[in-house]
Amino acid sequence: MPDIAARLSHHFSLQMQPNGNIAAILGDYSVNLGQFSAAAMDRARHLSTGLPFASFAGKSALAKDVDALVRRLARQGLLEYRLSSSRNAQDFVVIEPQVPEYWPRRAKLGSRDTIVLSRFAFLRRRGNELVLESPRAGALFRIGDPAIAATLAALSQPRKTGELNQKMASPTLHLLELLLDSQILLKLDTKDGQGLRVNEGDGNLVLWDFHDLVFHTRSTEGRQASPVGAAFTYAGVVPPSPAVRPPWAGSKIDLRKFSSPEPNSRFPKLLRERHSTRDFDDKNPVTLGELAQFLDTSARVLSEWKSEPYFEGGPDVTYSTRPYPSAGSAYELELYLTVANCDGLARGFYHYDAGSHALVAISASPQQLQAHLAAAQFAMDAPGQPQILITMAARFGRVSWKYSSIAYSLILKDVGSLIQTLYLAATDMGLGGCAIGSTNIDLFAKMTELEFHIEGPVGQFALGRGRTPEVQG
């Protein structure tokens, strides 16, 4: 009979202390899991190979103790889950969580249910493994049995579960129920047609192209467990590229003799003074007045207007004008401010209403604020937290309603335009700024209570008053 088992991942091991404390260890890294009974410690030793869920599913004190340990490991992202026919059998499927709260659950399937693959699901090679994943799923599935690929191929069209049951082994049915819970499979009803684009999710999800949603979730933090940022993964494989491209062969036209040594405007000087500031003076923070001027200069709505319908019977579309360029005048980017230290403004989380030039407080927990600021500090490799963290979130549908295939690309171009605008505004005011390359889309979703595919972060910018270097006497 197939069973799901929890297993330690990423080469971690458990260290048992005589006093009952258990820690997960990887090299010099350690995660303390708490104190447990001797019986629970003995049961926990099976986590190195796989501890079946059935072994701690009861109501006994031991089962509750083991369940608490396993769930703590899960919250830390230290577990994977194996599906097999017996405890010692070869792995049929291994489930790798991509979000901390993932827990394997089977959505019940009846013989009359109709199921189909999500249009966001994809099967790919990773090293020497075959993995099934989706940007909507909280886990990816390592496929150990190649026959599963044939079943998945059959589900490219809607199928009755009863028709599949006659051809499937019991573990495959369990897998389909796990995939249904993870939104890699869809259950259709009579009005869902053939499971095409308009049948999956709400209108906001319909607007997403497959490659855009994959790119959004796999190039940010929060919904994937792969390394993000400066990991130097291939440093030992290929040499780094030079800072300046080697010149093309051929004759040159030297432009230096045509350039003016003394520019006639402030703008060239402003461009050359622009730089990233990572060290902020918390004894002399940005004031609310300076923040108001900064936002007025860089992001405020300057005017609003309406276009004629693009096609017969189509709706009128409203537009705005702001200080930075935006693809198709969409201006889909919204600014959210995580304020740590601003003279005249309370610590908290705010949305900038660009139309009214106002800040609106949003309820977020102190733990969420701290996590948001700490992640920015880590990403910048800074000695302290930013005084103000500006998160640029996109209203994705604002762009994808009009553009296909290039929607997410256009949004990222807009982010680049806005970041340069923020840099120049900060430089002009004598403030410091730093663009940040990573964002956590899952944390933002929890802070705003917005679905990640409706409105989510696509860029960040730290703002503050730069610390003046001390003069050495």
Side-chain angles (χ1 to χ4, degrees), residues 9-10 71 73-81 94-105 107 117-124 126 129 131-142 178-186 200-202 204-229 231 233 334 336 338 364 367-368 371-372 374-376 378-379 389 391-397 400 407-409 411-412 415 436-460:
S9 60
H10 307 302
R71 290 184 183 272
L73 285 164
R75 285 193 295 271
Q76 295 287 341
L78 302 179
L79 289 182
E80 61 184 22
Y81 308 94
V94 176
I95 307 169
E96 294 183 13
Q98 300 298 295
V99 295
E101 65 269 21
Y102 176 80
W103 188 259
R105 294 181 179 87
L117 269 175
S118 164
R119 69 183 180 91
F120 294 109
F122 60 104
L123 195 64
R124 68 180 177 94
R126 186 186 66 179
E129 301 170 330
V131 296
L132 173 66
E133 54 186 312
S134 164
R136 299 190 68 202
L140 64 79
F141 293 74
R142 279 197 333 252
L178 290 164
L179 296 179
L180 181 60
D181 178 73
S182 296
Q183 301 180 94
I184 290 178
L185 290 180
L186 306 177
E200 182 172 354
D202 56 22
N204 295 288
L205 198 62
V206 167
L207 290 171
W208 279 91
D209 286 330
F210 162 79
H211 61 279
D212 280 349
L213 194 60
V214 173
F215 186 25
H216 178 53
T217 57
R218 295 303 183 262
S219 60
T220 54
E221 294 181 287
R223 296 194 63 82
Q224 54 122 354
S226 299
V228 175
T233 308
E334 299 292 325
Y336 291 83
T338 306
Q367 294 78 13
Q368 290 171 335
H372 213 210
F378 178 80
L389 175 63
T391 299
M392 288 155 266
R395 293 182 293 136
F396 300 109
S400 57
Y408 195 70
S409 171
I411 289 169
L412 295 186
V415 172
I436 299 172
S438 63
T439 58
N440 189 312
I441 61 177
D442 196 50
L443 177 58
F444 181 86
K446 291 174 181 175
M447 295 174 73
T448 59
E449 298 184 354
L450 295 170
E451 291 284 349
F452 80 93
H453 65 275
I454 296 177
E455 186 175 330
V458 287
Q460 286 188 320

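- The minimum heavy-atom distance between Ala225 and Pro97, with the atom names listed, is CB-O, 3.7 Å.
- Rounding to the nearest 0.5 angstrom, the gap separating the CD1 atom in Ile441 from the CG atom in Leu450 is 13.0 Å.
- Around CZ of Phe122, the count of heavy atoms belonging to other residues, nucleotides or ligands within 6.0 Å exceeds 12.
- Listed by chain and residue number, Tyr336 satisfy the ring pair (Phe, Tyr, Trp, His ring centres under 6.0 Å) test with Phe444 (two or more places apart in sequence, or in another chain).
- Checking side-chain atoms of Gln76 against main-chain N and O of Leu78 turns up no donor-acceptor pair under 3.5 Å.
- Remark: Arg119 CZ to Ser134 OG distance equals 10.0 Å, nearest 0.5 Å.
- Judged by distance alone, with hydrogens and angles left aside, the side-chain atoms of Glu96 form no donor-acceptor pair with the main-chain N or O of Val94 at under 3.5 Å.
- For the pair Leu123 and Val131, the minimum side-chain heavy-atom distance is 4.5 Å or more.
- Taking the side chain to side chain contact (heavy atoms under 4.5 Å, CB included) definition, one finds that Asp442 meets it with Glu101, Arg223, Asn440, Lys446, sequence neighbours left out.
- With sequence neighbours excluded, the residues that form a ring pair (Phe, Tyr, Trp, His ring centres under 6.0 Å) with Phe396 are Trp208, His216.
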Next on the checklist: Between Ser409 and Phe215, is the side-chain contact (heavy atoms from CB on, under 4.5 Å) condition met? List the steps.
Outcome noted: CA-CA 10 Å; Ser409 171; Phe215 186 25; over 6 Å; no
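- Scanning both residues, Pro457 and Thr391, for their nearest heavy atoms gives CB-CG2, 3.6 Å.
- Under 3.5 Å, the side chains of Thr439 and Gln460 contain no donor-acceptor pair of N or O atoms.
- Considering only residues two or more places apart in sequence or on other chains, His372 meets the ring pair (Phe, Tyr, Trp, His ring centres under 6.0 Å) condition with none of them.
- Taking every heavy atom of both residues into account, Ser9 and Leu79 meet most closely at OG-N, 3.5 Å.
- At distances below 3.5 Å, not a single donor-acceptor pair connects side-chain atoms of Asp209 with backbone N or O atoms of Asp212.
- Under a 4.0 Å N-O distance rule, the pair Arg136/Glu200 qualifies as a salt bridge.
- Atom CG of Asn204 is separated from atom CD1 of Ile454 by 4.0 Å, given to the nearest 0.5 angstrom.
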Exercise for the section: With side-chain contact (heavy atoms from CB on, under 4.5 Å) as the test, would you mind laying out the steps for Leu213 and Tyr408 before giving the verdict? Expected result: CA-CA 8 Å; Leu213 194 60; Tyr408 195 70; over 6 Å; no
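- Distance check, rounded to the nearest 0.5 Å: CZ of Phe141 to CG of Leu178 gives 5.5 Å.
- A salt bridge does not link Glu133 with Arg142: none of the charged nitrogens is closer than 4.0 Å to a carboxylate oxygen.
- To the nearest 0.5 Å, atoms CG (Leu179) and CG (Leu186) are separated by 11.0 Å.
- Note that CD of Glu451 and CG of Asp202 are 7.5 Å apart. Values are rounded to the nearest 0.5 Å.
- Legend: residues meeting side chain to side chain donor-acceptor pair (under 3.5 Å) with Thr448, ordered by chain and number and at least two apart, are absent.
- Pairing each heavy atom of Pro100 with each of Arg75, the nearest pair is CB-O, 3.7 Å.
- In this structure, Val228 and Thr220 have side chains that are not in contact, with every pair of non-hydrogen atoms separated by 4.5 Å or more.
- The number of heavy-atom neighbours closer than 6.0 Å to CD of Glu129, taken from other residues, nucleotides and ligands shown, is above 12.
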- Task: Kindly determine whether Met392 and Glu334 satisfy side-chain contact (heavy atoms from CB on, under 4.5 Å), including the steps that lead there.
- Result: CA-CA 6 Å; Met392 288 155 266; Glu334 299 292 325; over 6 Å; no
Between Gln368 and Leu443, does a side-chain contact (heavy atoms from CB on, under 4.5 Å) hold up when you go through it step by step?
CA-CA 7 Å; Gln368 290 171 335; Leu443 177 58; 4.3 Å; yes
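- For Glu80 (side chain) and Ile95 (main-chain N/O), no donor-acceptor pair under 3.5 Å exists by modelled atom type.
- Residues meeting the side chain to side chain donor-acceptor pair (under 3.5 Å) test with Arg105, sequence neighbours left out: none.
- Ring geometry, Phe120 versus Phe210: the interplanar angle falls under 30°, so the pair is classed parallel (tilted spans 30 to 60°).
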